[in-house]
Every structure is written in structure tokens, then in C-alpha cells.
2 protein chains.
Amino acid sequence: MKPSENKILAAAHDLFREYGYNGTSMKRVVEASALTTGSVYHFYPGGKVELAAAVIVEAGGAYQKLFEQVLDGCPTVLVGLETLFQQGGVMLASTDYIDPCPIGGIAREVANVEPKLREACDLAFNGWIDSGTRRFIAAGLEATVARDMAMLFITTIEGGFLLARTARDPEPLLAAGRAFCAAFRSQLRR
Amino acid sequence: MKPSENKILAAAHDLFREYGYNGTSMKRVVEASALTTGSVYHFYPGGKVELAAAVIVEAGGAYQKLFEQVLDGCPTVLVGLETLFQQGGVMLASTDYIDPCPIGGIAREVANVEPKLREACDLAFNGWIDSGTRRFIAAGLEATVARDMAMLFITTIEGGFLLARTARDPEPLLAAGRAFCAAFRSQLRR
DNA sequence: GTCTATACACCGATAGAC
DNA sequence: GTCTATCGGTGTATAGAC
């Protein structure tokens, strides 16, 4: 990837997280990437939709990698999950409660309006669901329960981000995380 | 409430759900309410922000009432929760997967940009959290667990809406709902 | 690949007659 | 309370020189 392309992608990523999809103008992306309109449309001839799709693909891969790396670095999957909720809370507080996840934000905003973006978000979520399901099975959960728990994990993270940002307090994310981890523990003991 | 005011509120409610906050123009609200710019700004002199705040207050109360009524109409709280997830899935499929909750949508979109809307959403969410906590305590959960579970319930609903809309399939909401209800059941048995 | 300039539609909000 | 007309600004995207 060319350096200019990377600057555009990074600028768009940050702006979408802070102002949302419709709240971010291409002009702002141009300014934040320290380039010009012509360059941005050179790399993303499909305009704003194509740019957002690229952000979604990149962020989807990055978060899946983070999820797996944190679990790999912890003694048990349960400890890894607890760590992820903790880290999420710290990140929220240290970034002024900006949306940590452009995928969920864009999906919620334009799922019914921009089919290409909905599909890109769907792909990213499915990657997470599959990754989570595999890890939870490896941790000892029964297959169908593992998939349900993977879905619950993502809803807890996404919903927890939402409540914590709204409250400007990590507590709702941590509370939902505690309840999720208790549920995970109780499924392990069967 | 005057009939014109009601028309404006209903139109804005529907448009915010389908197109989001920034994706909804005042002009569209004017058209959808079959009134004029002057009338809309007469009832909401604070403009778009004030209108959105009114939508949030109304929807927050309506959903809290729905939550409590469904629980009241079911033999146990657990059955009530299962019913809520089921009903949510049916609603999504029958409304082309439009966002069921303008509060979560607006909060996610502008929590960092419009303090008044963030506060209105926070108030609505806190009402739900308190209501859920009370109901869960009454169902037999220990007080601190009940509050965590109330938070988890809301994150599961909001996150489940997000995943189901993105997939255009109720299944992620139902899967997360199954996992949540299993967790609730296991907390009852202590 | 990068730049400037610009086309053209739409935005939120206001003014002031009735 | 309701209406029409309109202000000033911004939106996405394109054109065409370098």
C-alpha cells in the first residue's frame, strides 16, 4: 500500500470513529490526510462509499488479530476475555469516549442505505464470530453454545461501547463484561 | 400534545431510525410530517437537536413501558426475556431490518458531538437499567448481579439489533438472546 | 499522482406575510 | 400556527492542468 493511500485510510478511520459516516465529509478527510481532493479520488474512485469499505476491511482484520493475540497472551480464554473488557474500558476513558469501532458505527448508521457497506460490515462481523466460535470450542464449550457465546461476546462489546460512551464512564462496559464472563465460566463447568 | 407536534415527532422518529441523525434532513422531516418548515421550527425552535431530544425522550419511555408490560404479561421474568428477544427478531424481519431503536442509533452517531443528545440518551438508558435491575431483583437475583445482568440485557438487545440488521437475519439477535437467557437461568439457580 | 478550481445539489435555519 | 421565500454555508464529486 502506498504511503498516501495509508494516510487517507488512517484519516478516514479516525474521522468515522469520531463523527460517524454521514458526519464526516470528504473535505475533512482531505484535510486530515494532508493531501488533496484529487489524490483521495485517485485512490478511491468510488468515492466515500469505497473509502468507507476499505476502512471496514482494515479495521475488521485488525480487531480480529487483536482478539486472537490477547487470548494467546493469557493463561486461559476466560482471563483473556476479562482482559479484553478491561482494556476496552481503559481505551474508552483515554480517548475521550470516541467510538472504538468504526464497523459497528457505520453498520448502524447506513445498513439500510448503503448495501455495499452493510455487506462489508457483515463480512467483518462473520470473521469475528467464526474466530470466537473456534476459540470458545477450543476452550471447552459445546459447539452450538460456543457460537451463541461468540455472538453474545460481540453484542456485549458493541453494546458495552455504546452504553459506556453514552455515560462517559467505562462502568457499563465493565458491568456487562462481568456478567458475560460469569456466563462463560458457568458454561465451562458443564 | 398538539396534533401537528405529534406528526413531526412521529416523522422524525421514523426517519432517524431509517437514515440516522445526520442522514435525516429537516426538509425530509417537513415533508414526511406533511407540514412546513415554519411549523416545525415553531414547535422546535432549538432546531434539529431539540427535535431529536424529544424523539429520544418519547422513545425511551415507550420502550421502558414495553419492557415492563411484556414481563408483566408472562408467567416468569425468564419467559418474559425470551419473549422480548423473539418479538425483537420478528419485528426486525417485518420492518426490513430498520433500526428499532433511535436512541442507540443517535447515541452512537453523535455522543461525542452533541452533548445534549448524549445526555438525553444517557437518561433513557439509565431508566432502562434501573427498571431492569428492579425486575431482576424481584425475580430473585442478588442486587449487584441484577444490575450487571440489566446492563448485559441492554447490550445484548442493542448489539443483537446491530448484528441482525447487518446480517439481514434475526439469528444473531436470537443466538445472543439464547446465551443471555441461559446466563440468567444460571444466576437464578444460585 | 498531485494539484486547483468549480459544478451543482442540499444543508440547517431565519424572515416576515398572513 | 402556518405559510413561502431565501440566506449563507457545506456536501460529494468532477475537470483538466501539471
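Quick note on labels: first sequence line is chain A, next is B, and so on, each numbered from 1. Note that these values count all heavy atoms, side chains included, but never hydrogens, waters or copies made by symmetry.
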Select one nucleotide: of [options], the one nearest the side-chain heavy atoms of [X].
X: K48(B); options: dG1(C), dA13(D), dA13(C); result: dA13(C)
X: L35(B); options: dG12(C), dA13(D), dC3(D); result: dC3(D)
X: T36(A); options: dT12(D), dC3(C), dG1(C); result: dC3(C)
X: H42(B); options: dG11(D), dT14(C), dG1(D); result: dG1(D)
X: T37(A); options: dA5(D), dT14(D), dT12(D); result: dT14(D)

Spacing of [X] atom [atom1] relative to [N] atom [atom2], expressed in whole Å:
X: M26(A); N: dA7(C); atom1: CE; atom2: P; value: 20 Å
X: Y21(B); N: dC11(C); atom1: OH; atom2: P; value: 14 Å
X: Y41(A); N: dA13(D); atom1: OH; atom2: C1'; value: 5 Å
X: Y44(B); N: dA13(C); atom1: OH; atom2: C1'; value: 17 Å
X: K27(A); N: dA13(D); atom1: NZ; atom2: C1'; value: 14 Å
X: R28(A); N: dG9(D); atom1: CZ; atom2: C1'; value: 15 Å
X: I8(A); N: dT2(C); atom1: CD1; atom2: C1'; value: 11 Å
X: E31(B); N: dC3(D); atom1: CD; atom2: P; value: 14 Å

Query raised in the report: When you measure from the centre of the six-membered ring of Y41(B), is the NZ or CZ of K48(B) under 6.0 Å away and within 45° of the axis?
Result: no
Requested in this report: Look at the aromatic rings of F180(A) and F136(A) and report parallel, tilted or perpendicular, splitting at 30° and 60°.
Outcome: tilted
Query raised in the report: Which pair of non-hydrogen atoms, one from A179(B) and one from L152(A), has the smallest distance, and what is that distance?
Result: CB-CD2, 3.7 Å
Query raised in the report: Under a 4.5 Å cut-off applied to non-hydrogen side-chain atoms, are R118(B) and R168(A) in contact?
Result: yes
**Report entry** Sugar-phosphate only, base, or nothing, as touched by G47(B) at under 4.0 Å among non-hydrogen atoms
**Finding:** sugar-phosphate
Requested in this report: Using a 4.0 Å heavy-atom cut-off across all strands, classify S4(B) as base, sugar-phosphate, or nothing.
Outcome: sugar-phosphate
Query raised in the report: Is the shortest side-chain N/O distance from S25(A) to OP1 or OP2 of dT10(D) below 4.0 Å?
Result: no
Query - Aromatic ring proximity F67(B)/F153(B), centre distance under 6.0 Å - result: yes
